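The chains referred to below are lettered A, B, ... by the order of the sequence lines, with proteins before strands, and numbering in each begins at 1. Please read these numbers as outputs of a predicted model, since none were measured by experiment. Atoms considered below: every heavy atom in the structure, side chains included; atoms not considered: hydrogens, waters and symmetry mates.
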Number of protein chains: 2
Amino acid sequence: MEAAVSEILKRSQLSVTDSRKRILEFFHQSSGALAHADIERLSGEQFDRVTIYRTLQTFVEKGIIHSIPTADNSIRYALCKDDCAEGHHHDNHIHFVCDKCGTTFCLDHVSIPAVQLPMGFTSSQTDVIVSGVCKQCNAA
Amino acid sequence: MEAAVSEILKRSQLSVTDSRKRILEFFHQSSGALAHADIERLSGEQFDRVTIYRTLQTFVEKGIIHSIPTADNSIRYALCKDDCAEGHHHDNHIHFVCDKCGTTFCLDHVSIPAVQLPMGFTSSQTDVIVSGVCKQCNAA
DNA sequence: TACATATTTGCAACTTTGTTGCAAAACAAA
DNA sequence: TTTGTTTTGCAACAAAGTTGCAAATATGTA
Ligand SMILES: [Mn+2]
Ligand SMILES: [Mn+2]
Ligand SMILES: [Zn+2]
Ligand SMILES: [Zn+2]
């Protein structure tokens with residue numbers, strides 16, 4: 001794990017530092033998306049708040065994670081899959097927020113439905129956020 | 001206009017006050033959605049920030065306006081159409097954010113597409129935010 | 001390995017955004 | 001007009017995010 005995250009950082013031409021390794025590990029260990037506050041909690045007093053802000057920002061720029069808009073207006077982040085690179089995200093999937101456990105999932109295999117816009121409007125991006133109850137919570 | 005907004009307030013069983021009338025007028029005069037900061041700017045020093053927060057909250061509860069999730073994580077609000085009432089919103093439309101002018105539109109006549117969720121997931125609500133270039137900006 | 005250079009971090013100070021309690025002001029009903 | 005209820009503004013606070021800068025850490029080279 002430790003070696004794997006270092007590789008990812010190097011591939012993105014980032015210096016390999018404690019905070020970056022640690023924060024990237026959190027994402028690999030988590031099933032859902034993480035907010036700034038989650039990382040702050042997970043890391044205890046290990047890093048300064050500012051470092052977490054800057055690390056998340058850097059990861060987004062490098063195409064390592066993407067940010068997720070949610071209905072309750074809290075920014076969350078999740079790992080990008082394959083083909084995101086610096087300045088080029090290709091995260092064409094919908095997001096699901098569980099009303100029970102609060103987890104935010106990337107549903108990678110559900111593609112974004114096409115919407116028919118009124119005349120004159122042109123679209124560059126479509127975000128879909130579905131809320132409801134997730135698999136785990138429905139089973140329980 | 002002044003009389004019209006007073007009517008709406010009374011219908012929702014709200015006291016008719018200066019701030020409520022004024023803020024509701026802003027929404028009727030605006031083509032797009034408004035954020036708290038927009039209202040603060042539009043009203044100058046006329047009202048306290050706290051009053052604006054409380055007024056928006058009250059309007060949402062009464063079904064007069066609805067809040068709109070946006071990709072840049074700023075809450076915006078727009079007027080509800082017909083059949084929203086206290087505690088019962090029926091705003092089944094998508095939202096469009098223009099990358100050029102920044103305006104957020106409610107596209108009332110575009111219905112929410114159905115998405116096929118993975119086994120085990122059940123949905124209660126779907127939010128769709130399309131970004132791109134709006135009619136006005138495309139024409140210009 | 002040691003050094004020089006470039007990058008990142010932590011701290012402090014600050015801004016912006018949002019919340020709460022409470023007394024004064026405004027409103028609604030009689 | 002009077003009375004009781006609701007709303008407002010103020011103050012104080014909490015949470016969230018930003019910026020500049022010096023110290024610490026990482027990287028590439030000798
Ligand atoms: Mn995602
Ligand atoms: Mn709307
Ligand atoms: Zn769940
Ligand atoms: Zn536009």
Side-chain angles (χ1 to χ4, degrees), chain A residues 2-3 5-26 33-62 64-65 67-77 86 102 104, chain B residues 2-3 5-26 33-62 64-65 67-77 86 102 104:
Chain A
E2 167 116 23
V5 295
S6 298
E7 263 317 298
I8 295 171
L9 293 171
K10 281 181 195 155
R11 206 179 310 147
S12 296
Q13 293 166 306
L14 289 174
S15 311
V16 179
T17 66
D18 284 351
S19 43
R20 286 176 181 168
K21 278 191 289 185
R22 205 73 220 296
I23 293 174
L24 193 45
E25 277 174 9
F26 290 147
L34 298 174
H36 178 276
D38 296 320
I39 295 168
E40 211 168 334
R41 190 170 29 71
L42 285 168
S43 58
E45 299 284 278
Q46 201 170 0
F47 313 115
D48 194 84
R49 274 174 356 103
V50 180
T51 300
I52 299 176
Y53 280 116
R54 292 197 270 223
T55 302
L56 290 171
Q57 194 179 297
T58 302
F59 284 2
V60 170
E61 285 165 4
K62 291 291 185 176
I64 298 173
I65 60 175
S67 71
I68 304 172
T70 56
D72 71 322
N73 259 72
S74 64
I75 316 184
R76 297 194 195 166
Y77 302 88
E86 176 150 15
T104 300
Chain B
E2 168 114 24
V5 296
S6 298
E7 264 318 298
I8 295 171
L9 294 171
K10 280 180 194 155
R11 207 179 308 146
S12 296
Q13 293 166 306
L14 290 173
S15 311
V16 178
T17 67
D18 284 350
S19 43
R20 285 175 180 168
K21 278 191 288 186
R22 206 71 219 295
I23 292 174
L24 193 44
E25 277 173 11
F26 290 146
L34 297 174
H36 177 277
D38 295 322
I39 294 168
E40 210 168 334
R41 189 171 28 72
L42 284 169
S43 58
E45 300 285 278
Q46 202 170 3
F47 314 113
D48 194 84
R49 274 174 353 103
V50 180
T51 301
I52 299 177
Y53 280 115
R54 292 196 269 224
T55 302
L56 290 171
Q57 192 179 297
T58 303
F59 284 1
V60 170
E61 284 164 5
K62 291 292 185 176
I64 298 173
I65 60 177
S67 72
I68 304 173
T70 56
D72 71 322
N73 260 72
S74 64
I75 315 182
R76 299 198 194 164
Y77 302 87
E86 177 149 14
T104 300

TODO: Using a 4.0 Å heavy-atom cut-off across all strands, classify A:R54 as base, sugar-phosphate, or nothing.
DONE: base
Open item on the list: Which heavy atom of A:I52 sits nearest to which heavy atom of A:E40, and what is that distance?
Closed with: CD1-CA, 3.9 Å
Open item on the list: On a heavy-atom basis, which atom in A:P69 and which in B:T70 lie closest, and how many Å separate them?
Closed with: CB-O, 3.8 Å
Task: Nearest atoms (heavy-atom pairs only) where A:D38 meets A:A33 - done: OD2-O, 4.3 Å
TODO: Between B:S15 and B:T51, just flag the one whose closest nucleotide in DNA chain D comes earlier from the 5' side.
DONE: B:S15
- [ ] For C:dT8, take OP1 and OP2 only and decide whether either is under 4.0 Å from a side-chain N or O of A:T17.
- [x] no
Task: First of B:E40 and A:S19 reached from the 5' end of DNA chain C, by closest nucleotide - done: A:S19
- [ ] May I ask you to say what B:R20 touches in the nucleic acid, namely base, sugar-phosphate or nothing, with a heavy-atom cut-off under 4.0 Å?
- [x] sugar-phosphate
TODO: Indicate the atoms forming the closest heavy-atom contact of A:F26 with A:S43, along with that distance.
DONE: CE1-CB, 3.8 Å
Task: Between P of C:dT8 and CD of A:Q46, the distance in whole Å - done: 18 Å
TODO: Anything under 4.0 Å to a heavy atom of chain B counts; send over the first and last such nucleotide of DNA chain D, read 5' to 3'.
DONE: D:dT6 to D:dA11
- [ ] Report the distance from atom CG of B:D48 to atom P of C:dT20, rounded to the nearest whole Å.
- [x] 15 Å
Task: Atom of B:R76, atom of B:A35 and distance for their closest heavy-atom approach - done: CG-CB, 4.1 Å
Task: 5' precedence on DNA chain C between B:V50 and B:V16 (nearest-nucleotide basis) - done: B:V50
Open item on the list: Using the ring-ring contact (aromatic ring centres under 6.0 Å, His included) definition, which of the options B:F59, B:Y53, B:Y77 pairs with B:H36?
Closed with: B:Y53
Open item on the list: Rounded to whole Å, please give me the gap between CD in B:Q57 and P in C:dT19.
Closed with: 7 Å
Task: d(NZ, B:K21; P, C:dA26) in whole Å - done: 13 Å
Task: Nucleotide C:dT20, atom P - distance to CD1 of B:I52 in whole Å - done: 18 Å
Task: Atom-to-atom span, CZ of A:R22 to P of C:dT9 - whole angstrom - done: 15 Å
Task: Interatomic distance where CZ belongs to B:R49 and P belongs to C:dT20 [whole Å] - done: 14 Å
Open item on the list: Nearest whole Å is fine: how far is C:dT8 P from A:Q13 CD?
Closed with: 11 Å
TODO: Measure the shortest side-chain to side-chain distance between A:L56 and A:I39 over non-hydrogen atoms and say whether it is less than 4.5 angstrom.
DONE: yes
